[in-house]
Amino acid sequence: MKLNGGQALMRSLERQGVEIVFGLPGGAILPAYDPLIDSTIRHVLVRHEQGAGHMAQGYAQATGRPGVAMVTSGPGATNIVTPLCDAYMDSVPLVVITGQVPYAAIGTDAFQECDTTGITMSVTKHNFLVAAAQDLPQVIHDAFHIATTGRPGPVLVDIPKCIVDPRNPRSALEWYEPDSHDLPGYRPRTEPDAAAVAAAAELIGAARRPVIYSGGGILKSRAAEALLRFAELVQIPVVTTLMNRGGFPDDHPLCLGMPGMHGNYTAVTAMQRADLLITLGARFDDRVTGKVGAFAPDAKIIHMDIDPAEIHKVRRADVAIVADCRVGIEALSAAVAARGGAEAQADRRQWHETIADWQQRYPLVYAAGEPGEALKPQFVLEQLRDATPSDTVVCAGVGQHQMWASQYWRFNHPYTWINSGGLGTMGYAVPAAIGAKAGRPDRMVWAVDGDGCFQMTAQELVTANTERIPIKVAILNNAYLGMVRQWQEMFYGERYSEVYLSPDLPDYKGWAEAMGCVAMRIEHPEEVRPAIDKANEIDDRSVVIDFRIDTTEKVFPMVPAGASNDDIVLDPSQQPPPR
Amino acid sequence: MAPTKRHHTLVVLVENKAGVLARVAGLFARRGFNIESLAVAPTDDPRLSRITLATDAESAPLEQVINQLDKLINVVSIRELPPAESVERELLVVTVNAAAETRGQIMDLVRIFDGRVLNVGPDKLMVSMSGGPNRVDDFESLLRPYGIVELQRTGKVALPRLAKAGGEVGEF
Ligand SMILES: Cc1ncc(C[n+]2csc(CCOP(=O)(O)OP(=O)(O)O)c2C)c(N)n1
Ligand SMILES: [Mg+2]
């Protein structure tokens with residue numbers, strides 16, 4: 001069957017099971033938008049290409065399926081570089097299609113030409129410049145394979161216009177359905193080495209102060225259930241990193257919650273005092289380890305990861321297991337069971353007591369507001385958490401609000417927490433929430449956003465309302481680039497440099513209404529719950545609530561950047577523990 | 001991991017496709033690894049190219065370099081070639097000042113090092129010489145006092161040493 005490149009592109013995407021594409025057309029990609037009209041694929045027209053990328057990320061993280069975005073050459077491509085880098089850092093499977101100037105014009109500085117594959121080389125798992133229309137079905141087939149297997153990540157496919165333009169003879173091809181890959185250098189390993197698994201089981205059995213350090217690899221490999229079974233079998237406490245909130249239920253007695261720079265005291269300190277860290281799909285990020293040389297000094301390390309390059313990168317592992325986390329954890333459970341299971345574990349009563357004592361003495365706390373004072377962000381989040389279904393998907397921007405959301409929500413289901421962990425991209429929440437809602441229309445989706453973040457990508461609420469993908473946004477409006485303000489207050493002698501934003505310029509309520517949302521401004525504690533209840537009842541439009549919060553509230557605990565996790569700073573109301 | 005000053009030779013087989021060298025070089029730059037020398041050419045299998053590169057293990061532990069390289073989709077295989085287990089060769093082409101009174105001395109050096117004269121001028125000689133990197137270093141430093149006008153080295157290439165059973169052949 002004779003097709004042109006544009007038709008072949010749509011067919012190839014349909015073959016991959018793509019149901020939705022986020023994008024915005026332009027000159028070089030224009031011919032590919034024509035066959036889109038006849039395709040089964042839904043297209044969501046964004047207001048900025050960064051939004052398309054983050055929507056694809058939100059979609060991928062909520063559903064586990066690859067997110068797809070399509071944009072034009074030049075500025076369209078450069079606008080999506082941030083989401084590519086974000087997806088690369090957080091291992092989110094994306095396929096991004098960019099238009100490119102016709103082959104004959106490449107290298108001439110043609111209108112809207114840029115070296116897209118060159119620019120994105122270091123922020124993609126792989127990228128392709130399609131050389132001929134005949135290659136297109138195979139390249140798309142390969143792109144999805146690479147994006148979704150092994151350690152997932154973004155793949156970019158740059159398509160010169162001549163290949164998709166039916167008026168150009170170079171666009172003609174004989175359609176075929178590729179069923180294999182010629183990628184001799186790509187062999188992701190998923191099955192663990194049995195000897196390593198046995199060695200790990202041995203270490204686990206003997207450990208007296210073990211902690212399971214679980215990261216984003218749990219969610220990527222759909223290993224939440226395997227992790228639950230494993231933790232229960234060995235009765236070892238679990239910390240869930242920012243990338244694995246929800247990958248182990250917060251309400252489970254073994255759950256210690258989030259470790260790291262703004263982790264709770266028990267999660268941070270349990271890792272510090274551990275004699276064994278069972279690291280599952282985590283990568284010893286500096287936000288978790290604090291000063292690496294002082295991190296978990298007595299701990300032996302078991303490190304399971306699908307990416308061999310993560311092993312020994314930051315911290316030398318005593319036992320390395322290169323594997324998909326689900327397969328690897330199941331093997332580990334079997335190996336532990338074969339060694340006598342729960343009965344054959346060392347006596348850890350004292351460890352559990354110590355941990356329970358920390359939890360009791362150093363819980364997350366905040367000073368409740370006095371009547372008439374500004375709202376406390378933690379209070380707003382508690383109300384939001386208690387008023388919404390437990391399987392609500394929560395998306396966050398980057399800053400204080402993100403940390404409070406991670407701290408104060410109770411995540412009891414996988415894939416209910418979506419944030420920009422590795423890159424820390426302000427403006428992530430709104431578009432990611434739209435993508436998540438597009439993928440999970442059955443779920444309620446809340447974006448917890450900062451006032452600074454909101455101003456970076458709020459225009460996508462127009463997309464949400466036009467496309468009838470209703471989300472809800474809670475702006476924790478502290479009139480500041482709050483996280484930066486917190487550092488200036490704590491580490492720069494309260495010298496505030498370029499962090500003030502104003503609480504009412506823009507007028508968030510008016511702005512949201514102009515974008516077709518229902519909007520509210522909330523200043524008093526007693527209004528909080530009714531406003532949330534009202535928002536939760538609206539499902540035909542997006543809702544924005546501008547919560548006016550205490551501008552001086554800080555995120556605690558905090559491990560100052562570069563400091564040891566031993567030097568964790570608690571809420572001022574808490575007595576620091578004896579050292 | 002104690003950093004060592006040693007250079008490591010890596011032989012990297014890559015798909016012979018446009019842009020692959022840029023991916024390899026870009027990865028070294030982005031991860032803060034150093035490339036000391038680099039030689040690239042297609043192999044006897046035209047689908048593959050062989051990159052021979054030397055990197056110092058100071059900038060990063062060698063296993064990180066290898067693991068990160070291995071993540072590139074177009075990298076088919078990577079192998080470290082320790083000097084003791086490989087035969088390394090490098091080619092040097094040099095133009096050196098060679099007035100009448102020193103020309104004979106230079107010709108002696110070229111003979112001793114199995115070099116060749118490529119081009120002769122009234123007061124200059126262009127010569128080539130190939131050998132193991134140390135021998136090339138020696139040759140270069142012996143020529144230096146005469147005044148080097150221009151010099152180019154190729155970067156080393158290497159293959160694994162053959163098993164000794166077949167009888168040892170001296171290194172030339
Ligand atoms: C695109 C981008 N620019 C700058 C930063 C640095 N940064 C991190 S948090 C933050 C403040 C965010 O302000 P806001 O959205 O109001 O959140 P808050 O901390 O006040 O909750 C800034 C500027 C960033 N993470 N991303
Ligand atoms: Mg703010």
Side-chain angles (χ1 to χ4, degrees), chain A residues 85 88-89 91 103 106-107 115-132 135 139 142-143 145-147 149-158 181-189 283 292-293 303 305-317 320 322, chain B residues 1-4 8 10-35 38 40 42-53 55 57-80:
Chain A
C85 190
Y88 187 63
M89 293 287 271
S91 309
Y103 228 91
I106 287 180
D115 176 13
T116 303
T117 48
I119 289 171
T120 59
M121 198 177 275
S122 66
V123 296
T124 51
K125 185 172 174 185
H126 193 57
N127 61 23
F128 294 91
L129 174 62
V130 183
D135 297 346
V139 167
D142 291 346
H145 176 63
I146 293 169
T149 52
R151 181 178 183 169
V155 176
L156 179 137
V157 181
D158 200 25
H181 306 279
D182 182 20
L183 299 166
Y186 184 63
R187 299 165 303 262
R189 170 150 172 217
R283 60 182 176 89
V292 177
H303 195 175
D305 204 289
I306 199 163
D307 179 359
E310 288 303 340
I311 312 279
H312 309 316
K313 185 180 80 177
V314 175
R315 174 78 179 248
R316 197 91 212 150
V322 175
Chain B
M1 265 155 287
T4 60
H8 297 278
L10 295 180
V11 173
V12 186
L13 270 190
V14 300
E15 289 183 82
N16 186 3
K17 285 186 175 166
V20 174
L21 184 60
R23 289 177 199 276
V24 171
L27 182 129
F28 272 75
R30 160 161 140 61
R31 298 266 173 196
F33 309 152
N34 289 329
I35 297 180
L38 181 70
V40 197
T43 63
D44 50 326
D45 178 346
R47 290 172 308 170
L48 299 177
S49 274
R50 183 192 296 261
I51 299 178
T52 308
L53 64 79
T55 178
E58 248 179 309
S59 54
L62 186 69
E63 70 180 345
Q64 254 300 297
V65 178
I66 292 176
N67 284 339
Q68 294 293 350
L69 266 180
D70 206 26
K71 281 171 72 168
L72 293 178
I73 307 291
N74 301 125
V75 167
V76 178
S77 72
I78 306 162
R79 157 161 182 202
E80 194 203 349

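Every chain is numbered from 1, with letters handed out A, B, ... down the list of sequences.
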B/Gln68 versus chain A, heavy atoms under 4.5 Å apart: side chain, backbone, both or neither? both
If you take the centroid of each ring, where Trp contributes its six-membered ring, are A/Tyr186 and A/His181 closer together than 6.0 Å? no
Rounded to the nearest 0.5 angstrom, the CZ-OG distance for B/Arg30 and A/Ser122 is 5.5 Å
With heavy-atom distances below 4.5 Å as the criterion, would you say the side chains of B/Arg50 and B/Val11 are in contact? yes
With heavy-atom distances below 4.5 Å as the criterion, would you say the side chains of B/Phe33 and B/Leu27 are in contact? yes
What part of A/Leu129 gets closer than 4.5 Å to chain B, counting heavy atoms only: side chain, backbone, both or neither? neither
Name the region of A/Asp142, side chain, backbone, both or neither, that has any atom closer than 4.5 Å to a heavy atom of chain B. neither
